[in-house]
Structure formats: C-alpha cells, structure tokens
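What follows is a short report on a single structure.
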Amino acid sequence: MEWWTHLWLNEGFASWIEYLCVDHCFPEYDIWTQFVSADYTRALDLDALDSSHPIEVNVGAPSEVDESFDAIPRTAKERP
C-alpha cells in the first residue's frame, strides 16, 4: 500500500481472503453462498444508496486515516 488513500484495497482483500481460506479448509461449508448472500449483496445495497460515496478517499495526513473507516452513511429511513 503506497499511502492510506488505498486502504480500501487492503481491507477489501483481507475480507475476501477470509472466505477463500475457509473454502480451502472446509469446502463442505459452501462459504461462497454465504459471501454472496451476506457480504456481496449488502455491499451492492449500500452502494445503491444516494448517500453512498467512493471507496477511495484522499488522505492528506495520518490524522485523517480514521475517517477512512466509516460505514457508508444511511438515512434513518434506510436503516434496517
């Protein structure tokens, strides 16, 4: 990772590799079905919101890094 701006790539890979490892060790779990039904569809739902924002954000200083770890904001009407 060159700079914090690309944090999404590191975090996204870490989340995805969890499923790959479980599939490798326990193929009978059919973990990819869970991935699609839980994480993938949830990401698409959040991305479709009007309040969605790009996953890559400019980080100018280390003090701004924590702002990169937000959930995509939702209005009260859209919360489950």
Side-chain angles (χ1 to χ4, degrees):
M1 188 172 67
E2 192 173 316
W3 182 242
W4 288 103
T5 303
H6 307 291
L7 180 65
W8 68 270
L9 184 57
N10 188 42
E11 293 299 315
F13 178 77
S15 297
W16 177 79
I17 202 74
E18 292 174 5
Y19 286 96
L20 186 65
C21 292
V22 170
D23 183 57
H24 178 76
C25 294
F26 304 100
E28 68 274 11
Y29 287 2
D30 192 27
I31 197 71
W32 293 113
T33 301
Q34 181 179 336
F35 171 77
V36 170
S37 65
D39 291 347
Y40 181 71
T41 55
R42 178 72 176 140
L44 292 177
D45 289 343
L46 289 173
D47 192 45
L49 296 175
D50 289 337
S51 59
S52 183
H53 59 78
I55 57 173
E56 186 169 300
V57 295
N58 290 325
V59 177
S63 60
E64 299 172 359
V65 170
D66 286 339
E67 296 171 18
S68 297
F69 287 99
D70 68 337
I72 295 176
R74 297 176 290 172
T75 63
K77 181 174 75 172
E78 297 166 329
R79 290 188 180 134

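Numbers for residues simply follow the sequence, beginning at 1. Only a predicted model underlies this, so the values are computations on that prediction, with no experimental measurement involved.
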inquiry  = Please tell me whether Val22 and Trp32 are part of a single hydrophobic cluster in this structure, the criterion being side-chain heavy atoms less than 4.5 Å apart.
reply    = yes
Measure the shortest side-chain to side-chain distance between Phe35 and Ile31 over non-hydrogen atoms and say whether it is less than 4.5 angstrom. no
The reported gap from CD in Gln34 to CG in Asp23 (rounded to nearest 0.5 angstrom) is 12.0 Å
Cluster check Tyr29, Tyr40: I/L/V/M/F/W/Y, side chain < 4.5 angstrom: yes
When rounded to the nearest 0.5 Å, the distance separating CD1 of Ile17 from CG of Leu20 is 4.5 Å
Taken to the nearest 0.5 Å, the spacing of Leu44 CG from Asp39 CG works out to 11.0 Å
What one should report as the nearest heavy-atom pair of Pro27 and His24 is CD-O, 4.0 Å
